[in-house]
Amino acid sequence: MPELPEVETVVRSLAPYLTGRRIVHAEFHSRFVTPGDRGLLTRQLTGRGIQSVERRGKFIVIQLDRGTLVIHLGMTGKLLIDAPRGTHAYGIFELDNGVLIYDDPRQFGRIEFSDTLPARIARLGPEPLQISLTDFTSALRRRNCRVKPLLLNQRFLGGLGNIYVDEALFRSGIHPRALAARISPARAARLYEAIRDVLTLAIEHRGSSISDYVDAAGERGGFQLLHQVYGREGEPCRVCRTPIRRILLVQRGTHYCPKCQRV
DNA sequence: CAGATCACCTGCTTGC
DNA sequence: TGCAAGCAGGTGATCT
């Protein structure tokens with residue numbers, strides 16, 4: 001489900017509620033979401049105070065008074081404040097001011113506790129909204145692969161996913177199969193700006209709700225209404241009216257305009 | 001290093 | 001109506 005704008009929206013809706021609170025009790029009910037010793041995880045979290053809630057890439061990083069709680073929402077993970085426990089409530093955090101439910105039908109998400117910075121986060125690439133234009137273009141030039149898989153690679157940039165890569169490539173007129181190293185400096189600069197624009201705009205609209213994404217207050221996002229290509233197969237390009245095409249690239253549905261986007 | 005394939009799950013939609 | 005196949009916002013392992 002959630003890419004950078006959705007995770008950012010969740011963090012923003014969560015932070016005021018969680019910061020300064022204490023975890024009274026926590027319990028977990030999925031061996032996929034919480035691999036390993038779930039009883040140990042409960043003991044590690046019980047009694048901990050919450051100092052901050054931040055985003056890094058697509059990860060939610062919750063700094064505790066001892067250790068760090070790291071949550072990845074996978075495809076269908078949701079963190080819900082004071083919500084009823086549905087069939088897929090695999091994590092329950094009882095706080096001194098209410099309850100936080102981790103709900104995740106597909107169980108692709110992960111909840112982990114760490115004393116130090118988890119390796120998964122340490123190896124993330126730079127934040128797309130923080131990297132400089134020169135660092136971005138020089139990194140792009142060094143890679144001998146297609147641009148879409150590269151942008152999806154979290155070690156290259158942290159936070160982009162299938163929706164926003166398709167949207168950014170459309171906005172910069174680049175074909176998803178284009179070779180990264182062959183993209184001209186001018187075109188790379190357009191891609192850089194497109195990534196920033198689309199992420200910033202999506203955050204302003206509180207993310208994209210394709211099927212079931214909601215923030216911690218249960219609110220849907222609105223950016224799906226502004227998608228130019230994602231989920232618009234067969235519909236006319238908003239620029240040139242050519243039908244949007246959908247292909248499979250690295251096993252991911254890929255949407256683009258065959259006229260506006262060239263290799 | 002690049003990329004193809006599979007695997008991890010559930011649930012919804014589509015087509016027969 | 002029923003059933004199977006295909007699809008979904010993500011990541012990681014393995015093999016070529």
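So you know, we letter chains A, B, ... as the sequences are listed, proteins then strands, and number each from 1.
Rounded to whole Å, atom C1' of C:dA8 lies 16 Å from atom CD of A:Q107. We find that CZ of A:R142 is positioned 17 Å from C1' of B:dA2, with the value rounded to whole Å. If you measure from atom CD1 of A:I163 to atom P of C:dA8, you get 11 Å, rounded to the nearest angstrom. One can place OH of A:Y90 at 16 Å from P of B:dC8, the figure rounded to the nearest angstrom. As a whole-Å value, the separation of A:L248 CG from B:dC6 P is 12 Å. For A:Q154 and C:dA13, the CD to P distance is 15 Å, given to the nearest whole Å. Rounded to whole angstrom, the span from the CG atom of A:L151 across to the P atom of C:dT11 amounts to 13 Å. At whole-Å resolution of the value, CZ in A:F59 and P in C:dG10 are 12 Å apart.
C:dG10 sits 22 Å from B:dC1 when the C1' atoms are compared, rounded to a whole Å. Spacing of P atoms, B:dT10 relative to C:dT1, comes out at 26 Å, to the nearest Å. The same atom, P, is picked in C:dG6 and in B:dT5; the two are 15 Å apart, to the nearest Å. Between C:dC3 and B:dC8, the distance separating the two C1' atoms is 24 Å to the nearest Å.
Picking from B:dT10, C:dG10, B:dA2 the nucleotide with the shortest atom distance to the side chain of A:C145 gives B:dA2.
For C:dG12, one of the phosphate oxygens OP1 or OP2 lies less than 4.0 angstrom from a side-chain nitrogen or oxygen of A:R120. Note on A:Q251: every side-chain N or O is 4.0 Å or more away from OP1 and OP2 of B:dA4. For the OP1/OP2 pair of C:dG10 and a distance below 4.0 Å, the side-chain nitrogens and oxygens of A:H72 include no atom meeting the criterion. Contact check, A:R252 against C:dG10: a side-chain N or O comes under 4.0 Å of OP1 or OP2. At least one side-chain nitrogen or oxygen of A:R246 sits closer than 4.0 Å to the OP1 or OP2 atom of C:dA8.
Side chains of A:D166 and A:Y164: no donor on one and acceptor on the other come within 3.5 Å. Side-chain atoms of A:Y192 and A:R196 form a donor-acceptor pair, as typed in the model, at a separation below 3.5 Å. At a cut-off of 3.5 Å, with distance as the only test, no side-chain donor of A:E27 or A:T42 sits close to an acceptor on the other residue. With 3.5 Å as the limit, one finds a donor-acceptor pair spanning the side chains of A:H227 and A:S208. In the model, A:D215 has no side-chain atom that pairs as donor or acceptor with a side-chain atom of A:T9 under 3.5 Å.
Across all strands shown, A:Y230 has heavy atoms under 4.0 Å from sugar-phosphate atoms exclusively, and none from any base. Contact annotation for A:N144: backbone-only contact, meaning every heavy-atom pair under 4.0 Å involves sugar-phosphate atoms and none involves a base.
A chain of hydrophobic side-chain contacts below 4.5 Å, direct or via other Ile, Leu, Val, Met, Phe, Trp or Tyr residues, connects A:V10 to A:I81.
Residue-nucleotide stacking is not present for A:F108 and C:dT11, judged by a side-chain ring centre under 5.5 Å from the six-membered base ring centre and planes under 30° apart.
If A:R123 and A:R106 are placed on DNA chain C by their nearest nucleotide, the residue sitting closer to the 5' end is A:R106. For A:R146 and A:H88, each mapped to the nucleotide of DNA chain B holding its nearest heavy atom, the one lying further toward the 5' end belongs to A:R146.
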